[in-house]
Participant: 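Right, I'll just put the structure down here and ask away after.
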Amino acid sequence: METLGGIEAGGTKFVCAVSDAQDPRNIIAQAQFPTTLPDETIGLCVEFFQRHSDGLCAIGIASFGPVDVHKDSPTHGYITTTPKANWGYTNLRGPLADALGVPVGFDTDVNGAALGEQRWGAAQGLSDFVYYTIGTGIGGGAMVGGKLLHGLMHTEMGHMRLAHDKTQDSFAGSCPYHANCFEGLAAGPTIEQRWGARAETLPAHHPAWELEAHYIALAMQTTICMLSPQRIILGGGVMSQPQLFPLVRQKTLEYLNGYVQMPQILAHIDEYIVPPALGGRAGVLGAIALGQAEL
Ligand code: ADP
Ligand code: ZN
């Protein structure tokens, strides 16, 4: 059987999977390894794919970053200036390409998830859309004109500056670089620091969610005005609070204040800001989609 592989490379764990190349949603084998030291974790990934090398046509890597996604760069496939200890300037793609001898696609975790959602999920048929994860950090991946957006490096939408009214929210923000950027005001660990309890333990009516929706909606307004996406997908652990979606949609309309007169937004906001259709598999299927794109 012809197969495709994918690695969802995260700051806490690496998820490796092999799937049927005819229908990549059909995962045949999967394993996960904690993100310890580069040699150890990447070594375990190499061994996994060596065990499943029969019929393997290509693999894709969707990685935490910052990363170097430019194919003509000498550090293509590296995790670059990451603040994560021991992982700065790690060649992630190289050891897998050398050991497996198959094409290896490489992109950010959120660009991978965006591509997976376009192939098999909530962005099918779209050429312009954005995928955000709101979890331990916040990141955004974008497809523009049918291509994943890279630009100079790659987008860092999680670090966009948001208006921060300190009389309403006295928490200074937790981003070590910017304090009150989107991630610094709205990522999962920030919710915990601001309210003194893990986000998943806060009840649905807790004021944390109204404030969270406010920040996400500010970011939605900026995203819509910057990239004019046909849809925005919001994933990540924090978005598993279902009450957030109606709040975010309503506040996004409020903050746009009628300026963008498109029925897809004004009349169909429920289909405009949506959860990922691939759910918890968005990351690993996104990595597989990056591999498929190399064929
Ligand atoms: P990661 O970003 O590390 O890949 P997640 O997307 O699961 O992983 O994000 C983890 C963050 O999301 C944590 O800060 C956690 O508190 C928060 N989180 C996880 N599950 C929930 C939930 N059901 N409700 C609210 N927050 C959650
Ligand atoms: Zn920041």
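In each ligand, atom 1 is the first atom listed, and ligand 1 is the first ligand listed. Being a predicted model, the structure only gives us computed values, none of them experimental.
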Participant: List the steps and the verdict of side chain to side chain contact (heavy atoms under 4.5 Å, CB included) for Val274 and Tyr272.
Facilitator: CA-CA 6 Å; Val274 300; Tyr272 187 76; over 6 Å; no

Participant: Would you call Glu294 and Arg93 a salt bridge, using N to O less than 4.0 angstrom?
Facilitator: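 Salt bridge: no.
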
Participant: Are Thr223 and Tyr132 close enough that a side-chain donor and a side-chain acceptor fall under 3.5 Å?
Facilitator: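 Side chains of Thr223 and Tyr132: pair found under 3.5 Å.
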
Participant: Would you call the rings of Phe64 and Phe14 parallel, tilted or perpendicular if under 30° counts as parallel and over 60° as perpendicular?
Facilitator: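 Taking Phe14 first and then Phe64, their aromatic rings stand perpendicular (interplane angle over 60°).
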
Participant: So, Thr41 versus Thr36: side-chain donor-acceptor pair below 3.5 Å or not?
Facilitator: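 The criterion, which ignores hydrogens and geometry beyond distance, is satisfied for Thr36 and Thr41.
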
Participant: Compile the donor-acceptor pairs under 3.5 Å between side chains in residues 148-164 and protein atoms, sequence neighbours left out, one pair per line.
Facilitator:
residue : atom : partner : partner atom : Å
His150  : NE2  : Asp107  : OD1          : 3.2
His150  : NE2  : Asp107  : OD2          : 2.7
His154  : NE2  : Val67   : N            : 3.2
His154  : NE2  : Val67   : O            : 3.4
Thr155  : OG1  : Gly140  : O            : 3.0
His159  : ND1  : His178  : ND1          : 3.3
Arg161  : NH1  : His178  : O            : 2.7
Arg161  : NH1  : Asn180  : OD1          : 3.1
His164  : ND1  : Asn180  : ND2          : 3.0
His164  : NE2  : Asp169  : O            : 2.9
His164  : NE2  : Phe171  : O            : 3.2

Participant: Would you please name every residue forming a side-chain contact (heavy atoms from CB on, under 4.5 Å) with Asp165, sequence neighbours left out?
Facilitator: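 With neighbours one apart ignored, the set is Thr167, Gln168.
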
Participant: Write down, by chain and number, every protein residue that brings a non-hydrogen atom to less than 4.0 Å from an atom of ligand 1.
Facilitator: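 Within the 4.0 Å shell of ligand 1, which is judged on heavy atoms, sit Gly135, Thr136, Gly188, Pro189, Arg198, Ala199, Glu200, Trp209, Gly236, Gly237, Val238, Ser240, Gln241.
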
Participant: Can you check whether Thr252 reaches Ile265 side chain to side chain, under 4.5 Å on heavy atoms?
Facilitator: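 When only atoms from C-beta onward are counted, Ile265 and Thr252 do not touch, as no gap falls below 4.5 Å.
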
Participant: Does a sphere of radius 6.0 Å around CD in Gln124 hold more than 12 heavy atoms from other residues, nucleotides or ligands, not counting ones at 6.0 Å or beyond?
Facilitator: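 Buried by this count: over 12 neighbours within 6.0 Å.
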
Participant: Counting no waters, what protein N/O/S atoms lie under 2.8 Å from the Zn ion (ligand 2)?
Facilitator: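 Those protein N, O or S atoms (cut-off: under 2.8 Å from the Zn ion (ligand 2)) are His159 ND1, Cys175 SG, His178 ND1, Cys181 SG.
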
